[in-house]
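Residue numbering restarts at 1 for every chain, and letters A, B, ... go by the order of the sequence lines. Keep in mind that this is a model prediction, so the values were computed, not measured.
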Number of protein chains: 2
Amino acid sequence: MANADGRLARGELRKTLLLDAAVTVVAEHGYAALTHRAAAAGAGVSVASVTYHFPSIGDLREAMFQHAGSRIGLAFRDVIQAASARADDVPAITGSFVAHLVAERRLETTAVLEMVIAAGHDPSLRPLVRFFNDRLAELLGPYIGSQSDALTVAAAIQGIILSRIAQSDPDVAPGLRDAVVDLVQRYRSTPTTGGVGA
Amino acid sequence: MANADGRLARGELRKTLLLDAAVTVVAEHGYAALTHRAAAAGAGVSVASVTYHFPSIGDLREAMFQHAGSRIGLAFRDVIQAASARADDVPAITGSFVAHLVAERRLETTAVLEMVIAAGHDPSLRPLVRFFNDRLAELLGPYIGSQSDALTVAAAIQGIILSRIAQSDPDVAPGLRDAVVDLVQRYRSTPTTGGVGA
DNA sequence: CATGAATCGGTACAAATGTACTGTATCACG
DNA sequence: CGTGATACAGTACATTTGTACCGATTCATG
């Protein structure tokens, strides 16, 4: 899709540029501020370039959510693999991962949270929201035995992330990680080999 | 403000009618859908009546958040009083309260969650968001000794509520309450008098 | 009952937005 | 080197939205 056909590669490049700009708009000014013109201005291109790739505003919104979700999803894939290998380290891995999301992936994370809210009145978004819940639960799975508990903790972690993003205090990142680590540990079900106990 | 002056009473009545309609619009169609005309249509009144009480759209948005927050805040006041008297029952009280919010106060609760997201890029909303976090932490206070832990659990509960509203499954209410009760119990710090242990 | 403020419906207009249309440049391919 | 599809800039127009304005109605008060 890129090497064989240069035209498609160019188009995809512009698309990602536009979607990155769209994610930035949503994260910095809210879901309501995402317009063709706002995305065009953020990417430094013409409005027609946006309407060409995303003819209707619904297309832009949907692609923007998919894009933000894809970025986060890739990060999930790596950390899930690491967690499945060492179940005892799941709390620490999860805590660092969440801190990473809020710090280095703040824009995409914020956009995903906007998507979760939007899913409340837009059923078409629910499959993607459920996908993220399942991925987060999958990350916790090796440490938390119960699937039900894992989903609860996944939702709880989302709430902790939300509260930090809502306050937007840049200095709360370390406290965020500790809070997540502690939360996960309180749901431990599989016996750990080492550890002196908290 | 109501009995002494009939005109003000009438105005306040219309205001609450409009704000209830505004909250409904936000809960059912999202924050972006809140316009003067949408609120007017929802309340069955003219657009001028909305612009009279809320001249700019910013006034309407701000008052809508305040209104939804006020409704939830009143419910908080009662439950906090009940919880302070019986610390051992805090998990059950909190669980039932959360279930009540999602069931009977779904519209206001959804609007408040929209406000939390909006606070990420609108600092003027953060005091109200912090107020709710503090109230929820205050509710948990008698049961959870650490103020830091109480705030974490408060954020976690918000995440659990968010996940249920996002999925919008009406049959998950009982599971919701159990999940909240279990979560709070895992953060117990004060010794309970009775109880056989879970 | 007269009066003035509060309230509200109807209308109008400027700005923002969604979206279509036209022309042009780029690039793969024959 | 022509050719056609892709990609994009500029423009235009209809719709939506924010907001102001005017007139009618309600209601407390003297």
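Residue Leu17(A) contributes atom CG, which lies 10 Å from atom P of dC8(D) at whole-angstrom precision. For Glu12(B) and dC8(C), the CD to C1' distance is 16 Å, given to the nearest whole Å. Between the CZ atom of Phe54(B) and the C1' atom of dA20(D) there is a distance of 18 Å, given to the nearest Å. With rounding to whole Å, His36(B) atom NE2 is found 16 Å from dG10(C) atom C1'. Between Ile57(A) atom CD1 and dA16(C) atom P the separation is 16 Å, expressed in whole Å.
For the pair Gly44(A) and Thr35(B), both in contact range of DNA chain D, the more 5′-proximal nearest nucleotide belongs to Gly44(A). Annotation: of the two residues near DNA chain C, Leu34(A) and Ala48(A), the 5′-most nearest-nucleotide partner is Leu34(A).
Using a 4.0 Å heavy-atom cutoff across all strands shown, Ser49(B) reaches sugar-phosphate atoms only and no base atom.
For the residue pair Asp20(A) / His67(A), a side-chain donor-acceptor distance below 3.5 Å is found, with atom types taken as modelled. No side-chain donor from either of Asp149(A) and Thr152(A) sits under 3.5 Å from a side-chain acceptor of the other.
One finds no side-chain N or O of Tyr52(B) lying less than 4.0 angstrom from the OP1 or OP2 phosphate oxygen of dC8(C). In this structure, His53(A) reaches the dC8(D) phosphate: one of its side-chain N or O atoms is under 4.0 Å from OP1 or OP2. For Arg37(B) and dT19(D), the shortest distance from a side-chain N or O to OP1 or OP2 is not below 4.0 Å. Residue Arg14(B) has no polar side-chain atom (N or O) positioned under 4.0 Å from OP1 or OP2 of dT26(D).
Listed nucleotides: dT19(C), dT19(D), dA9(D). Nearest to the side chain of Val45(A): dA9(D).
Tyr31(B) carries Arg61(B) over the face of its six-membered ring, with the cationic atom under 6.0 Å from the centre and within 45° of the normal.
In the displayed structure, Arg126(A) atom CZ is contacted under 6.0 Å by more than 12 heavy atoms of other residues, nucleotides or ligands.
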